[in-house]
Amino acid sequence: MPSSDNPDSQPPASANHESRITNHVPAHLAVIMDGNGRWAERRKRPRMIGHRAGARAVNLCIDFCLEQGIEALTLFAFSSENWGRPEEEVGALMKLFLNALEREVEELDRRGVRIRFIGERERFAQALRDKMDAAEMQTRDNRRLTLSIAASYGGRQDIAAAARALARDVVDGKLRVQDIDENAMATHMALADLPAPDLFIRTGGDHRISNFLLWQLAYTELWFTETLWPELDAATLRRALDDYARRERRFGLTGAQLAPSTNPSAA
Ligand code: IPE
Ligand code: IPE
Ligand code: MG
């Protein structure tokens, strides 16, 4: 079972474990913000109330990243599959996104946050797309934190789009079939300009990836918590970071090969 927010899940004891642990904050954190609906349902309230409460947790998570010096935060806000939810919920979520953009962009810009969106933007209404474009434009030179919001995003769709782009390059004579490799794919994937996520957090108690960053999470450390997204607090995020700091990332090598000077995660 993957490690999770469980006090019993301690790292394995070993004599030289300390020398090979990550022991630093992740540069890139990826989060599935799950549990809004259940949070509301437990209070006998409409699911939308949970989404609204969830918006507050987004701010808390951004604050935490800024305080910790995390350089990139990628949030899963709305999946390709979430379009299939009841019309009323999808409509209410769209309103919430629009309001959040109207409300939050100025302050995020002031705090040095670069905002970007990944996913199929053309599926959103024009008014929302305009706000997304404007937020990206306004904050594009900020470097303190890169906030990527995955909206109408699916990992499979991301991979298919990269394959399509490479196929086009081949048809146009810009690329040879034998030059299609992992690096060529990677340049066409979402978040290609960022290091892969170091740490993935999912709230809400489910242990799955739900079509989030399938390609990019290949060697990401996974961490799960029962905490529902609207109940997120800094202490929970702190536990995730503490657990991450104790992990040994081997990237397919043996533990013995990971002298501190050659451990990619200790760089
Ligand atoms: C996550 O919360 C937010 C979105 C998918 C938009 P959910 O709405 O999935 O909440 P649960 O999982 O039903 O509790
Ligand atoms: C994943 O949550 C998507 C987002 C948080 C935006 P879901 O609630 O859609 O995932 P499943 O249906 O539980 O796998
Ligand atoms: Mg859910």
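Atoms within each ligand, like the ligands themselves, are counted from 1 in listed order.
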- prompt: Is it the side chain (CB and beyond), the backbone, both or neither of Phe212 that lies under 4.0 Å from ligand 2, heavy atoms counted?
  reply: neither
task: Compute the ring centroids of Tyr153 and Phe117, then answer whether they are less than 6.0 Å apart.
output: no
query: Backbone, side chain, both or neither: what part of Leu228 comes under 4.0 angstrom of ligand 1, heavy atoms only?
result: neither
query: With a cut-off of 4.0 Å, which atoms of ligand 2 are near a heavy atom of Arg208?
result: 11 (P), 13 (O), 14 (O)
field: Numbered atoms of ligand 2 (with element) below 4.0 Å of Ile32, judged on heavy atoms
entry: 1 (C), 5 (C)
field: Carboxylate-amine/guanidinium contact Arg176 Asp179, below 4.0 Å
entry: yes
message: Taking the basic N atoms (NZ, or NE/NH1/NH2) and the acidic carboxylate oxygens, is any pair closer than 4.0 Å for Arg121 and Asp133?
response: yes
query: For Asp34, what is the atom name of its N, O or S atom nearest to the Mg ion (ligand 3)?
result: OD1
- request: Take every heavy atom of Gly35, measure it against each atom of ligand 1, and state whether any distance is under 4.0 Å.
  value: yes
- prompt: Based purely on interatomic distance, does Asp206 place a nitrogen or oxygen under 3.5 Å from a nitrogen or oxygen of ligand 2?
  reply: no
statement: Looking only at heavy atoms, the pair that brings Ala92 and Met48 closest together is CB-SD, 3.2 Å
task: Identify, by atom number and element, the atoms of ligand 2 in contact range of Phe78, meaning under 4.0 Å from any of its heavy atoms.
output: 6 (C)
- prompt: Is it true that Arg111 and Asp63 make a salt bridge, defined as a side-chain N closer than 4.0 Å to a carboxylate O?
  reply: yes
query: What do you reckon, does Asn36 have a nitrogen or oxygen under 3.5 Å from a nitrogen or oxygen of ligand 1?
result: yes
statement: ligand 2 to Arg202, heavy atom cutoff 4.0 Å, flagged ligand atoms 2 (O), 10 (O), 11 (P), 13 (O), 14 (O)
field: For ligand 2, the portion of Ala77 having any non-hydrogen atom under 4.0 Å away
entry: backbone
task: Below 4.0 angstrom from a heavy atom of Arg85, which ligand 2 atoms are there? Numbered from 1 as shown, please.
output: 7 (P), 8 (O), 9 (O)
- request: For atom 10 (O) of ligand 1, find the nearest protein heavy atom and state the residue, atom name and distance (0.1 Å precision).
  value: Gly37 N, 2.9 Å
- prompt: Any ion pair linking Glu231 and Arg43 (charged N to carboxylate O, less than 4.0 Å)?
  reply: yes
message: Counting only nitrogen or oxygen atoms and a 3.5 angstrom limit, does Ser79 reach ligand 2?
response: no
- prompt: What do you reckon, does His51 put a non-hydrogen atom under 4.0 Å from ligand 1?
  reply: yes
